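Convention: sequence-line order gives letters A, B, ...; per-chain numbering from 1. Atom set for the values below is all heavy atoms of this structure, side chains included, hydrogens, waters and symmetry mates excluded. As the structure is a prediction and not an experimental result, all values here were calculated from the model.
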Number of protein chains: 2
Amino acid sequence: MTHDQLKEALDTLKDTGVRITPQRHAILEYLINSMSHPTADDIYKALEGKFPNMSVATVYNNLRVFREVGLVKELTYGDSSSRFDFITTQHYHVICEQCGKIVDFHYPGLDEVEQLASHVTGFKVSHHRMEIYGTCPECLAKEAH
Amino acid sequence: MTHDQLKEALDTLKDTGVRITPQRHAILEYLINSMSHPTADDIYKALEGKFPNMSVATVYNNLRVFREVGLVKELTYGDSSSRFDFITTQHYHVICEQCGKIVDFHYPGLDEVEQLASHVTGFKVSHHRMEIYGTCPECLAKEAH
DNA sequence: TTATTACTTTATAATGTTTATAAATAGTGT
DNA sequence: ACACTATTTATAAACATTATAAAGTAATAA
């Protein structure tokens, strides 16, 4: 499974015209296999053995590239450094209040909210539901006349 | 209204044994009146006129104190610096799937999700809806027999 | 396969936010 | 007003992240 994810990710890179370097391969592989949500430094340290000369900047640069291509999500919790997460599909819906159109909106699960809710209320939380409402670009254009 | 909020906040400080200094008063006042979500530096700059000698550390220290006392929420979006928000009541619902009970659950608005949704889909977002589902403590206890 | 070209990596320095420190100052309760 | 202790200030330090320029390397086509 994780092998397929890596292959897909590499295909995504190829399709987007992003070069596949050994460092990028290794960082992606680490992100996919990592259960935790590593910081840039975690990744840097983890790959030190394989790439003794790799620069921290390389890790940051590539995490940014992955994020721009949509492979990786940057998580900013309260602590000092960002955490990075390989994106597996999951989505919410954005709903147009004018025409009813529903657009998928990918976003990592709101684990934090569930955890806090559970902690505060004593509930055993099973899931949550979220929808976002607004006006779609087409209806916005119509409005503009 | 905002005057009451300030008064309440000051009472909270007094009750918690936190000294009320002119700087703290001013920072709280600024946070309450501010519609945006200011960074520490925003606050520092905004109060420069009133407190020409105030140190940046004072702003950071007090924001931490306010956060620890529960008056202020620290928001970490992707950008470089944290933003701070005076906590006004606002809540979601946690719903028991067994007995239907609804419990209020306070949580700062999911601005980040709305912003990202807007950015990705091109929608003009008006609001969102979120509910959390699970089993309440009472029903959990019944289950436990 | 090799040459070419543009993109990447590396090493380093720089930037910017946040925290630590110690001396000076000022709230609070008596 | 006094004494006690928290707080402020000024400064330096720590830390994550980004910028820069030179060296290296992946992809493409001849």
Identify every side-chain donor-acceptor pair in residues 52-59 of chain A under 3.5 Å, counting partners at least two apart or on other chains, and give the distances.
residue, atom, partner, partner atom, Å
A/S55, OG, A/A57, N, 3.2

Between B/E97 and A/S126: side-chain donor-acceptor atoms closer than 3.5 Å = yes

Please report, rounded to the nearest Å, how far the P atom of C/dC7 is from the CZ atom of A/R64.
-> 15 Å

Nucleotide range of DNA chain D contacted by chain B, 5' to 3', under 4.0 Å to a heavy atom?
-> D/dT5 to D/dA10

Side-chain (A/T16) to main-chain (A/V18) donor-acceptor, under 3.5 angstrom = no

Nearest-Å distance for atom pair CD/P, residues B/E74 and C/dT17 | 14 Å

Considering just the side-chain nitrogens and oxygens of B/S82, establish if one lies under 4.0 Å of OP1 or OP2 belonging to C/dT18.
-> yes

Any B/T39 side-chain heavy atom under 4.5 Å of B/S82 side chain = no

Residues passing the salt bridge (Lys or Arg N to Asp or Glu O under 4.0 Å) test with B/E131, sequence neighbours excluded, are B/R129

Quick one: list whatever passes salt bridge (Lys or Arg N to Asp or Glu O under 4.0 Å) with A/E138, sequence neighbours left out.
-> A/K101

Taking atom C1' of C/dT8 as reference, at what distance in whole Å does atom CE of A/M54 sit?
-> 13 Å

Does B/S118 reach the main-chain N or O of B/K124 with its side chain, forming a donor-acceptor pair under 3.5 Å?
-> no

Double-helix bend of the helix from C/dT1-D/dA30 to C/dT30-D/dA1, axes at both ends from 5 pairs, round to 10°, gives 50°

Polar side-chain atom of A/R83 near backbone of A/H37 as donor-acceptor pair, under 3.5 Å = yes

Taking only nitrogen or oxygen atoms into account, show me every contact under 3.5 Å that the protein makes with nucleotides 24-30 of chain C, one pair per line with its distance.
residue, atom, partner, partner atom, Å
C/dG27, N2, B/R19, NH2, 3.0
C/dT28, OP1, B/I20, N, 3.0

Residue pairs fulfilling salt bridge (charged side-chain N to carboxylate O under 4.0 Å, His left out) with at least one residue in residues 10-20 of chain A, sequence neighbours excluded | none

Side chain to side chain, A/P38 and A/L31, heavy atoms closer than 4.5 Å = yes

Please identify each residue that fulfils salt bridge (Lys or Arg N to Asp or Glu O under 4.0 Å) with B/K45, with sequence neighbours left out.
-> B/D41

Of residues 41-52 of chain A, the positions that come close to DNA chain C - non-hydrogen atoms, cut-off under 4.0 Å | none

Only counting residues at least two apart or in another chain, list the ones meeting ring pair (Phe, Tyr, Trp, His ring centres under 6.0 Å) with B/H127.
-> A/Y133

Heavy-atom donor-acceptor pair, A/R67 side chain to A/V72 backbone, under 3.5 Å = no

Interface residues of residues 55-62 of chain A with DNA chain D (non-hydrogen, below 4.0 angstrom) = A/A57, A/Y60

Here the gap from B/E8 atom CD to B/L71 atom CG, rounded to the nearest 0.5 Å, amounts to 9.5 Å

Partner residues of B/E114 under the side-chain hydrogen bond (donor to acceptor under 3.5 Å, both in side chains) criterion, sequence neighbours left out | B/H128

